Protein chains: 2
Amino acid sequence: MELQIRIKMNENLFLRDPESTELGRKIVRQSILLIYEIGFEDFTFKKLAAAVHTTEAGIYRYFENKHRLLVYLVTWYWNLLEYQVLYQINNITDPEMKIRKVIELLSKEIDDNIGGSDIDHKALYQIVIAESNKVYLTKDVEENNKAQLFKPYKDLCARIANLFTEYNPDYPFPRSLASTLVEMAHFQYFFMHNLPSLTDFGQEKDPRKLHEFLEVLVLNNIRLGK
Amino acid sequence: MELQIRIKMNENLFLRDPESTELGRKIVRQSILLIYEIGFEDFTFKKLAAAVHTTEAGIYRYFENKHRLLVYLVTWYWNLLEYQVLYQINNITDPEMKIRKVIELLSKEIDDNIGGSDIDHKALYQIVIAESNKVYLTKDVEENNKAQLFKPYKDLCARIANLFTEYNPDYPFPRSLASTLVEMAHFQYFFMHNLPSLTDFGQEKDPRKLHEFLEVLVLNNIRLGK
DNA sequence: TTGAAATGATAGTAAAGCTATCACAAAAAA
DNA sequence: TTTTTTGTGATAGCTTTACTATCATTTCAA
């Protein structure tokens, strides 16, 4: 049995639902490969159109602009990750183990055989690492936030924060620690590979060391006052 | 006595040293105001030229493109901040107090009467918060890193990491904790104001709470094994 | 005061970002 | 089955951004 997860995406993210047509799915699939390859700055709808064998106008029928498309991709990732967290934690009772599991999930790309569509999860993970902040670091955060574009990200953080509270109800900063964990899982990965002197694992580039750092960061903190 | 600090900037950051001419200084000064006002995405050299009462070509004589100009501004901030850290910590002997001082400096704009030029430090601080990551989150990190563009940022982090090691030589992740601290000082500030549910101080928006979070995050962690 | 350096003014090009129109095919509704 | 509706392809065009080039003029420094 192969399970197909259907993620309901916020309708403000697109003009026409890309999941509803073959062209739409191709746009999403190819955009991940292209952004991964050339970076979001150099990415244009014209280039994407060429990769998908359609026209620029064809892309614009699905997404308002490239920023919205990026939000779509990143949001899709957060949705899937939250699902993974939920699923993987389901059968664990020990709060500490749950937290460890979350850190593990944050530290690598999403398991390939999940999520339905033939998405390149490794490329998507790299995009999330290098580009996801650009999604909210803009002048129209407030507007986009009102349009619920960041809900999946906030939901994921809220869920992680709840795990912290479950572990230690007295820890005073569960939400900030959750957003710190999520951001740092990706930032430290980026630093490790690109600005290694900003980390303590820049030489070996050992993901397990990064993993350990995150565990220490979170668990050691959350035990506060326990 | 008024002290004038002269920061030597990496020559790869500009085509012509903006500090050497009146027009150059105006470009820097106005670019801070303009980026602060409209955000980096909407910021163009044409608009900047209008604000400075010069032509687009006039700007291009100083900076290769708007990205380089952003790197210049952010780098200038990191330089100044490191200077501030050095200066303010100089007369403190207690390692913990030094760390507290650094967190305090990270948490607010740079003191106005320092740094020489008539820079709007509040605007610059906001730019660093909202735009500084874009400086290295690009496809040419490696190239720019080789050109030493990120040296001031890395130097600052290294210095903070040294304070951690001084406090507890056994803490295994001083550098990652330093970059985490620097990034989170700014991210949590941004979240607090724009995506408040990602923090534990989104209601009151009390900077002291954020400050406390950072202190707890760092000090509680670094005591590990001490 | 003479030569070098900086600026202003203007022009122009390629690409990015976006909208509009029309013809045609395929799918859905009648 | 025949209409509609819906999605796609093709083409065109417009504005803005990003950037380069040229040349006359002003300012500055030796």
Side-chain angles (χ1 to χ4, degrees), chain A residues 9 11-31 34-35 37-73 117 131 134-135 138-140 143-144, chain B residues 9 11-31 34-35 37-73 117 131 134-135 138-140 143-144:
Chain A
M9 298 291 283
E11 302 208 343
N12 293 310
L13 286 170
F14 49 76
L15 298 173
R16 174 177 303 168
D17 185 357
E19 299 227 54
S20 71
T21 66
E22 183 54 33
L23 180 62
R25 286 184 291 270
K26 261 161 80 182
I27 288 172
V28 169
R29 191 162 6 106
Q30 290 297 323
S31 69
L34 194 53
I35 295 174
E37 200 185 326
I38 65 177
F40 187 64
E41 272 63 43
D42 288 346
F43 170 81
T44 68
F45 275 6
K46 195 167 203 167
K47 291 175 188 169
L48 177 58
V52 177
H53 300 299
T54 183
T55 58
E56 218 181 333
I59 313 285
Y60 276 105
R61 288 192 186 112
Y62 285 87
F63 293 100
E64 216 174 311
N65 52 52
K66 71 171 186 170
H67 185 260
R68 278 290 160 105
L69 172 53
L70 181 64
V71 182
Y72 181 91
L73 298 179
S117 46
E131 323 283 8
K134 297 169 189 169
V135 154
T138 68
K139 268 288 160 183
D140 32 54
E143 195 188 325
N144 288 340
Chain B
M9 298 291 284
E11 301 207 344
N12 293 310
L13 286 170
F14 49 76
L15 299 172
R16 174 177 303 167
D17 185 357
E19 299 227 54
S20 70
T21 65
E22 183 52 34
L23 179 63
R25 287 185 291 271
K26 259 160 81 182
I27 288 172
V28 169
R29 193 165 2 110
Q30 290 296 323
S31 69
L34 193 53
I35 295 174
E37 200 185 327
I38 66 177
F40 187 64
E41 272 63 44
D42 288 345
F43 170 81
T44 69
F45 274 8
K46 194 166 200 168
K47 291 174 186 169
L48 178 57
V52 177
H53 300 297
T54 182
T55 60
E56 222 181 329
I59 314 285
Y60 276 105
R61 288 191 183 110
Y62 285 85
F63 293 99
E64 218 174 310
N65 54 51
K66 73 171 186 170
H67 185 260
R68 279 290 160 104
L69 171 52
L70 181 64
V71 182
Y72 182 91
L73 297 180
S117 45
E131 323 283 5
K134 297 169 189 170
V135 154
T138 69
K139 269 286 160 184
D140 33 54
E143 194 189 326
N144 288 339

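In what follows, chains are A, B, ... by sequence order, proteins preceding strands, each numbered from 1. The figures that follow rest on heavy atoms only: side chains count, while hydrogens, waters and symmetry mates do not. Note that the structure is predicted; figures quoted are calculated from it, not measured.
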Rounded to the nearest Å, what distance is computed from the [atom1] atom of residue [X] to the [atom2] atom of nucleotide [N]?
X	N	atom1	atom2	result
Glu56(B)	dT16(D)	CD	P	13 Å
Leu15(A)	dG7(D)	CG	C1'	14 Å
Glu22(A)	dG9(D)	CD	P	11 Å
Phe14(A)	dG7(D)	CZ	C1'	16 Å

Q | Residues within residues 38-54 of chain B bordering DNA chain C, heavy-atom distance below 4.0 Å | A | Thr54(B)
Q. Would you say the side chain of Ile27(A) lies within less than 4.5 Å of the side chain of Pro18(A), judging by non-hydrogen atoms?
A. no
Q.
Within the structure provided, determine whether Thr54(B) and Gln30(B) are in side-chain contact (heavy-atom separation under 4.5 Å).
A. no
How many angstroms lie between [atom1] in [X] and [atom2] in [Y], if you round to the nearest 0.5 Å?
X	Y	atom1	atom2	answer
Ile35(A)	Leu48(A)	CD1	CG	8.0 Å
Asp42(A)	Glu37(A)	CG	CD	11.0 Å
Glu56(B)	Ile59(B)	CD	CD1	8.5 Å
Arg61(B)	Leu15(B)	CZ	CG	11.5 Å

Q | Criterion side-chain contact (heavy atoms from CB on, under 4.5 Å) on Lys134(A) and Thr138(A), from CA distance to verdict | A | CA-CA 7 Å; Lys134(A) 297 169 189 169; Thr138(A) 68; over 6 Å; no
(Q) Heavy-atom nearest nucleotide on DNA chain D for Glu64(B) versus Ser20(A): which residue maps closer to 5'? (A) Ser20(A)
Q. According to a strict under-4.0 Å criterion, is Tyr60(B) in side-chain N/O contact with OP1 or OP2 of dT17(D)?
A. no
Q: Walking along DNA chain C from 5' to 3', note the first and the last nucleotide with an atom under 4.0 Å from a heavy atom of chain A, and give both.
A: dA16(C) to dT21(C)
Q: Walk me through it: do Val28(B) and Arg25(B) pass the test side-chain contact (heavy atoms from CB on, under 4.5 Å)?
A: CA-CA 5 Å; Val28(B) 169; Arg25(B) 287 185 291 271; 5.8 Å; no
Q: Select base, sugar-phosphate, or nothing to describe what Phe63(B) touches, counting heavy atoms under 4.0 Å on all strands.
A: nothing
Q. Mind checking whether Phe40(A) and Phe43(A) have parallel, tilted or perpendicular rings, split at 30° and 60°?
A. parallel
**Q.** Audit row: Glu131(B), Glu41(B), side-chain contact (heavy atoms from CB on, under 4.5 Å) steps and yes/no
**A.** CA-CA 10 Å; Glu131(B) 323 283 5; Glu41(B) 272 63 44; 4.2 Å; yes
(Q) Does either side chain, that of Thr21(B) or that of Tyr62(B), offer a donor lying less than 3.5 Å from an acceptor on the other one? (A) yes
(Q) Walk along nucleotides 21-30 of chain D from 5' to 3' and tag each nucleotide B, S or - by protein heavy-atom contact under 4.0 Å, base first, then sugar-phosphate. (A) BB--------
**Q.** Pairwise 5' ranking along DNA chain C for Thr55(B) and Lys66(A), keeping only the more 5' one
**A.** Thr55(B)
